[in-house]
Amino acid sequence: RVYMAEKSRHWLEARGRTIVISDLPVRMLGVAMDVTSRKAAEQTLRQSEKIAATGRLAASIAHEINNPLASVMNALYILRTNSRMPESALIYVKTAEEELARVVHITKQTLGFYREISSPVMSSVPQLFEEVLAAYDARIEQGRITVHRDFNEVGPLAAFPSELRQVFSNLVLNAIEAISAPGNIYIRVRHGHDGQGRAGIRVTVADDGCGIPAENMPQIFEPFFSTKDSKGTGLGLWVSQGIVQKHQGSLRVRSRTDETRHGTCCGVFLPFATNEAAAEDAPLASGDQEQDVMTRS
């Protein structure tokens, strides 16, 4: 692997033979070839194989858990409709039902039995974040993590709420697992514009955790690549990127591992224009450039 004068990276393959006279090497003849395109093709093939393996694995898992999920949904329904259930407990039962419904939705998508509605519905991004944080409330408290909310009034966004909830859940969970207690998570939602001049909602999720080493940054969106050792599957950012791209948005990640300044900042931009006309009359479902909001430890 070599770097050319213009800082571009290339792969070279050298082949040759040594000419020996009386056991003394006197000359070498050979050729050096630029095989960068072949390397790129090999990398693309490996990536395709990973994605195909992910699809087969996901379909297999979804098939196995689909029936038990129905039983759990029925049990939660019985609990929710029980007249002797305390009001305080009903809140947790409803939260469990909502999260389980999201799991059921994902499994049906994976199996190909479910087709998303053709048009998104108007969704509140701050509300989706509140639902995600409520689901992780116990882990946040246990990890002595302080969540700093900065939610501007951004209005509804035409989106698929269950999928956006999954993106926000992945980002928040990554932040929680990166922090050694105590720590901070900063979540900001406001209006913004992307490089193409499109108006939309810019979401930032930042933490003051350990950060991601620079050598790992080019691989963070690859399936099965994880910096969490046995704790991670390596699919969270890959899935999140796919969902954000489906919404015609973008997902960026920056990270630092300095001793005095460390953490990770994830920025999501979701344009208003995505299918907005089709969802203009849809019911509501239950802004500046991205900045680095990582704080000093």
Side-chain angles (χ1 to χ4, degrees), residues 58 61-111 113-117 119-177 185 187-189 201 203 205 235-236 239-240 243-244 246-247 268 270 279 281-286:
I61 294 173
H63 178 74
E64 293 298 323
I65 67 175
N66 203 37
N67 290 334
L69 282 177
S71 300
V72 178
M73 286 287 284
N74 290 335
L76 288 173
Y77 174 78
I78 293 172
L79 284 174
R80 181 167 55 83
T81 56
N82 191 332
S83 58
R84 291 177 295 180
M85 177 66 64
E87 188 66 29
S88 58
L90 277 176
I91 298 175
Y92 297 105
V93 172
K94 290 178 180 178
T95 301
E97 277 190 316
E98 291 170 359
E99 291 301 306
L100 193 59
R102 183 161 65 94
V103 175
V104 171
H105 166 77
I106 294 169
T107 57
K108 287 183 177 180
Q109 264 191 324
T110 306
L111 287 169
F113 295 152
Y114 184 86
R115 290 294 178 268
E116 187 64 90
I117 53 176
S119 300
V121 297
M122 302 307 291
S123 310
S124 168
V125 172
Q127 181 181 337
L128 293 177
F129 258 116
E130 291 294 356
E131 294 170 1
V132 168
L133 292 173
Y136 289 119
D137 190 51
R139 294 194 62 172
I140 291 172
E141 183 178 353
Q142 183 180 6
R144 291 183 292 157
I145 298 172
T146 302
V147 178
H148 304 266
R149 297 169 172 84
D150 182 8
F151 296 162
N152 284 12
E153 185 60 43
V154 294
L157 175 78
F160 301 97
S162 61
E163 296 187 5
L164 282 190
R165 193 182 292 111
Q166 184 178 357
V167 172
F168 300 153
S169 177
N170 288 337
L171 298 184
V172 170
L173 181 59
N174 284 346
I176 292 173
E177 293 181 342
I185 296 176
I187 303 175
R188 189 174 64 185
V189 178
I201 295 177
V203 173
V205 179
L235 296 175
V239 170
S240 298
I243 293 174
V244 172
K246 175 181 176 179
H247 286 77
V268 177
L270 300 166
D281 298 324
L284 182 65
S286 93

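Computed from a prediction, not measured in an experiment: that's the story for all the values here.
Heavy atoms from other residues, nucleotides or ligands lying under 6.0 Å from CD of Glu130 number more than 12.
Under the 4.5 Å side-chain criterion, counting only non-hydrogen atoms from C-beta, Asp150 is not in contact with Ile187. Residues Val268 and Leu270 meet the side-chain proximity criterion, which asks for heavy atoms closer than 4.5 Å.
Minimum heavy-atom separation, Ile185 to Ala175: CD1-CB, 3.8 Å. The two atoms that bring Gly155 and Ile201 nearest to each other are O-CD1, 4.0 Å, heavy atoms only. Shown here for Gly236 and Asn170, the closest heavy-atom pair between the two residues is O-ND2, 3.4 Å. The minimum heavy-atom distance linking Leu90 with Arg80 is given by the pair CD2-O, 3.6 Å.
The closest donor-acceptor contact from the side chain of Asn82 to the backbone of Arg84 lies under 3.5 Å. The backbone N or O of Phe160 sits less than 3.5 Å from a side-chain atom of His247, completing a donor-acceptor pair. Not one N or O on the side chain of Ser169 forms a donor-acceptor pair closer than 3.5 Å with the backbone of Arg165. Checking side-chain atoms of Ser123 against main-chain N and O of Val121 turns up a donor-acceptor pair under 3.5 Å.
Using bins of under 30°, 30° to 60° and over 60° for the plane-to-plane angle, the ring pair Phe129/Phe168 lands in the parallel bin.
Atoms CG and CD, on Leu76 and Glu97 in that order, are 5.5 Å from each other to the nearest 0.5 Å. Rounding to the nearest 0.5 angstrom, the gap separating the CD1 atom in Ile145 from the CD1 atom in Ile140 is 6.5 Å. Atom CD of Glu131 and atom CG of Leu164 lie 11.5 Å apart (nearest 0.5 Å). We find the OH-CD1 distance between Tyr136 and Ile176 to be 6.5 Å, quoted to the nearest 0.5 Å. Between atom CD1 of residue Ile243 and atom CD of residue Gln166 there is a gap of 4.0 Å, rounded to the nearest 0.5 Å. Distance check, rounded to the nearest 0.5 Å: CZ of Arg139 to CG of Leu133 gives 13.0 Å.
Scanning for salt bridge (charged side-chain N to carboxylate O under 4.0 Å, His left out) contacts around Arg144 gives an empty result, with sequence neighbours left out.
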side-chain contact (heavy atoms from CB on, under 4.5 Å) between Val72 and Leu100, intermediate numbers included: CA-CA 8 Å; Val72 178; Leu100 193 59; 3.3 Å; yes
